[in-house]
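Here is the structure we will look at, set down as structure tokens.
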Amino acid sequence: MANAEHSVRGSATTDSRMGAARAVLWLVAAVLAIRQATAVLRLPPGERLIDLETWIGENGVLHVKGSLYDTDRFTGTPFAGLVLKPLTRSAEQSLGVAWTFGTLLLVVGIGLVVARALPGPVSRRSGLLAAPIAISLLMLSLPVRNSFYLGQTSIIPVLLVLVGCFVARGERSSGVLIGIGAALQPTALLFAPLLWFTGRKQAAVTSAGTFAALSALSWAALPGDSWTYWVHHVAGAGLGARPDSLANQSLHGALLRFGLEGPLEITLYAALAAAVVWFGLRRAVRYARDGQLLLAVALTGCVAVAVSPTAWQHQLLWVLLAVVGRVGKRASDRMLWPVLVILVMTLPGKMLLPNMTALHPVRDNALLVAALAAAVAVPFLPRTSPYFRRPVPTEYVSPVPSRWSRIPLLPFWRRVSARPNLLLELLVIRVGYSVYSHIRTAATGSVGAAEEHGRQVVAIEQALHIDIELWANKAVAKAEWAESFFNFYYTSFHFVVPLSILAILYVRRPVDYRWARSSLAFATVLALLGFWLYPLAPPRLMPGMGFIDTVHGPQDLANPDYGAMTAVTNQYAAMPSLHFGWSLWCGLVVVLLAPKLWMKLLGLLHPLFTAGAIVATANHWILDAVGGAAVVGAGFGLTYVLSGRRKLLPSTATADREKSAAVPGPAGPAKAAEGTRGKSSEETAVRAAPQ
């Protein structure tokens with residue numbers, strides 16, 4: 001009876017938590033939708049729904065007598081033009097509001113269909129939370145944001161195909177919907193082979209027939225435009241923007257950007273497209289037969305993106321749907337593919353990869369690379385794999401009990417003893433730093449406020465008798481060797497030392513790596529608050545105080561010039577000093593974790609030299625270093641309060657191995673297990689479960 005009552009209470013608690021989580025996720029989806037609609041409708045009429053207004057607006061292409069393609073503003077199929085013509089007059093009155101809210105409904109429809117089509121078996125939690133999560137991701141994705149801004153119709157073919165595959169009853173209605181989608185976006189005709197080879201032959205024939213009938217209808221109504229689109233421009237290739245622009249994320253566009261052109265480019269493009277279609281559709285058919293039809297549809301869409309002559313950003317929604325595929329045998333690797341897809345589909349390439357010439361081909365073609373990887377390369381698990389539902393579990397370890405009973409405040413923050421996925425870590429670090437850089441640059445404030453805060457800092461330092469910046473700056477400027485040393489140290493070690501320490505910890509001490517990385521991340525986030533709330537001019541930018549900028553040379557304070565960094569960095573984000581803060585973090589980590597005394601002492605030299613460099617070069621005040629130390633201390637403190645002590649209890653597997661080694665003979669494992677069972681639950685508090 002007691003067990004039954006406990007089970008009922010546990011079930012009620014779980015249901016209430018699930019309901020609260022679902023409500024929060026739906027609220028997030030609603031906020032994102034409202035934000036997206038508001039951002040579009042707040043723009044002046046001439047700056048919103050640019051593409052749609054050029055089609056059906058008062059002076060749009062569809063009002064112009066003659067060919068749809070006389071200008072380069074209309075890039076749709078002749079059937080799309082035929083469908084849009086009746087909307088011309090009504091659209092002039094309600095172009096913005098009606099189209100924006102109509103697009104919202106289309107996105108919600110896609111999210112609901114995707115949530116319904118998830119490959120089984122689907123847990124109850126996933127089934128309840130899938131729809132709001134899918135809608136939120138769609139709202140954040142570049143294709144949907146682009147469609148809202150431009151007023152494009154590319155969401156409609158995606159929804160038609162999804163409804164035809166997962167909602168429509170009967171193969172005939174399914175084929176009709178997919179055929180209409182292909183008439184609007186011709187590469188959607190690739191779904192006909194998918195239907196054929198998965199046993200839905202009537203739907204495949206109907207979709208091809210519908211496409212042919214609608215294309216013939218538009219040819220009869222608009223023969224000149226149809227000839228221009230299908231023959232002269234080869235299914236729209238060359239219409240609109242330059243095909244070699246970064247907006248065209250297809251194989252054709254990538255080859256043109258690589259400098260290929262003429263017959264060589266056409267031949268290579270045709271060969272690559274044929275290979276992608278062959279391998280991609282074979283994989284899609286295999287996953288469809290495996291019961292993962294949504295993944296199969298996403299892969300077919302990725303094939304269509306890659307082989308299309310032009311695949312503009314608003315047409316790349318298929319890549320996001322590939323997030324449903326499961327990759328990796330270990331639970332710790334499962335998040336790599338979804339995170340990679342979501343980052344590629346929501347952030348510009350410049351935020352994903354550093355500005356290195358060798359990486360430009362990948363950065364400029366990130367969406368195409370993601371589409372090709374999904375279509376032909378990523379080893380998605382079949383449902384028959386033993387790891388599909390139950391990957392190799394991640395080992396979670398409990399921290400050593402702390403002095404206060406309420407710590408950790410986040411008991412669900414489970415500590416992992418295994419090394420994290422390297423590629424996922426690099427992605428998160430890179431994106432995190434990009435976000436930090438953007439926020440730091442945006443937190444400018446006014447120059448007047450920054451200079452006023454500078455005078456406040458000087459007054460406080462004078463009251464404390466620590467205003468040594470001008471003396472140190474003048475002294476170093478007079479000694480050439482000292483000036484060269486501190487300039488070099490200031491510009492060279494800020495990133496190298498923290499990244500080196502993280503790399504060593506990742507390889508040698510993965511548990512401490514997670515702890516150190518979290519504390520550094522918290523410190524950096526707290527520093528951003530300082531940049532926003534207290535813009536501060538560094539000594540070198542304070543007029544009339546006589547400081548010498550030893551790194552950049554004499555400057556016009558009204559219009560300082562720091563070369564390529566002038567436009568991409570905030571010169572008034574001095575409080576707190578992350579130059580000193582990150583160096584102090586390095587010193588503390590080395591002191592806590594280094595095995596030998598000389599290593600600890602060497603680690604302390606880095607914050608010491610950095611403190612001298614930031615003051616001597618007139619880049620920071622003494623109080624900036626104090627602020628940097630404060631945010632680092634708060635970072636370590638937050639990590640401790642939220643997740644517990646750095647030290648962890650030994651894992652069960654490690655304890656068993658040690659006991660087995662200590663007890664020779666066949667009785668060793670048994671005795672080890674018996675000894676483990678005799679320990680308290682606190683001493684062996686290790687849980688193994690998939691993430």
Open item on the list: I'd like to know whether Arg330 forms a side chain to side chain donor-acceptor pair (under 3.5 Å) with Asn421, so could you lay out the CA-CA distance, the side-chain angles of the two residues, the decisive distance to 0.1 Å, and finally the verdict.
Closed with: CA-CA 10 Å; Arg330 299 187 305 168; Asn421 184 284; over 6 Å; no
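- A donor-acceptor pair is defined here as one N or O able to donate and one able to accept, closer than 3.5 Å; no such pair exists between the side chain of Ser308 and the backbone of Val305.
- Residues Val431 and Leu347 have side chains in contact (heavy-atom distance under 4.5 Å, counting atoms from C-beta outward).
- With Arg289 contributing its side chain and Phe197 its backbone, the two residues share a donor-acceptor pair below 3.5 Å.
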TODO: For Arg200 and Ser174, run side chain to side chain donor-acceptor pair (under 3.5 Å): C-alpha distance rounded to whole Å, both residues' side-chain angles, the deciding distance at 0.1 Å, then the answer.
DONE: CA-CA 10 Å; Arg200 303 174 68 179; Ser174 174; 3.2 Å; yes
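- The CG atom of Leu246 sits 7.5 Å away from the CG atom of Asn365 when rounded to the nearest 0.5 Å.
- A distance of 9.5 Å separates CG in Leu32 from CG in Leu137, rounded to the nearest 0.5 Å.
- Between Ile110 and the options Leu159, Leu320, Ile135, Val144, a side chain to side chain contact (heavy atoms under 4.5 Å, CB included) holds for only Leu159.
- The minimum heavy-atom distance linking Ala188 with Val161 is given by the pair CB-CG2, 4.4 Å.
- In this structure, Ser245 OG and Leu256 CG are separated by 9.5 Å, a value rounded to the nearest 0.5 Å.
- Atom NE2 in His252 sits 11.0 Å away from atom CG in Leu260 (nearest 0.5 Å).
- Across all non-hydrogen atoms, the minimal contact from Val277 to Leu190 is CG1-CD2, 4.4 Å.
- With Ser385 contributing its side chain and Leu381 its backbone, the two residues share no donor-acceptor pair below 3.5 Å.
- With Arg172 contributing its side chain and Gln202 its backbone, the two residues share no donor-acceptor pair below 3.5 Å.
- Taking every heavy atom of both residues into account, Leu118 and Ala130 meet most closely at CD1-CB, 3.5 Å.
- Within 6.0 Å of atom CZ in Arg363, more than 12 heavy atoms from other residues, nucleotides or ligands are found, so the atom counts as buried in its surroundings.
- Judged by a 6.0 Å distance limit and a 45° cone about the ring axis, Arg419 is positioned over the six-membered ring of Tyr506.
- A pairwise comparison of heavy atoms in Leu138 and Ser141 identifies O-OG, 2.7 Å as the closest pair.
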Task: Audit row: Asn248, Asp244, side-chain contact (heavy atoms from CB on, under 4.5 Å) steps and yes/no - done: CA-CA 7 Å; Asn248 181 14; Asp244 61 346; over 6 Å; no
TODO: Any chance you could lay out the side-chain contact (heavy atoms from CB on, under 4.5 Å) test for Val114 and Leu321, step after step, and finish with the verdict?
DONE: CA-CA 8 Å; Val114 167; Leu321 301 185; 3.8 Å; yes
Open item on the list: Could you go through Val344 and Val319, starting from their C-alpha distance and side-chain angles, then the distance that decides it, and tell me whether this counts as side-chain contact (heavy atoms from CB on, under 4.5 Å)?
Closed with: CA-CA 9 Å; Val344 169; Val319 182; 5.6 Å; no
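- For the pair Pro143 and Trp312, the minimum side-chain heavy-atom distance is 4.5 Å or more.
- Contact detail for Ile155 and Leu106: the closest heavy-atom pair is CG2-CB, 3.7 Å.
- Rounding to the nearest 0.5 Å gives a distance of 13.0 Å between CG of Leu426 and CG of Leu352.
- Minimum interatomic distance between Trp337 and Val378 (heavy atoms only, all atoms of both residues): CZ3-CG2, 3.5 Å.
- Phe380 does not carry Arg326 over the face of its six-membered ring by the limits of under 6.0 Å from the centre and within 45° of the normal.
- Between Phe191 and Trp318, the angle of the ring planes lies from 30° to 60°, which puts this pair in the tilted group.
- Distance alone, capped at 3.5 Å, places no donor-acceptor pair between the Arg145 side chain and the Met139 backbone.
- The neighbour count for Tyr436 OH, taken as heavy atoms of other residues, nucleotides or ligands under 6.0 Å away, is above 12.
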Open item on the list: Apply side-chain contact (heavy atoms from CB on, under 4.5 Å) to residues Ile178 and Leu160 and explain how you reach the verdict.
Closed with: CA-CA 6 Å; Ile178 296 174; Leu160 288 172; over 6 Å; no
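- Note that CG of Leu299 and OH of Tyr287 are 7.5 Å apart. Values are rounded to the nearest 0.5 Å.
- Formation of a donor-acceptor pair under 3.5 Å by the Gln249 side chain with backbone atoms of Ala311 is not found in this model.
- Ion pair Glu425/Arg517 flagged as a salt bridge, since at least one NZ, NE, NH1 or NH2 atom sits closer than 4.0 Å to an Asp/Glu carboxylate oxygen.
- In this structure, Arg35 places its CZ atom where only 12 or fewer heavy-atom neighbours from other residues, nucleotides or ligands lie under 6.0 Å away.
- At least one donor-acceptor pair closer than 3.5 Å links the side chain of Arg283 to the backbone N or O of Ala374.
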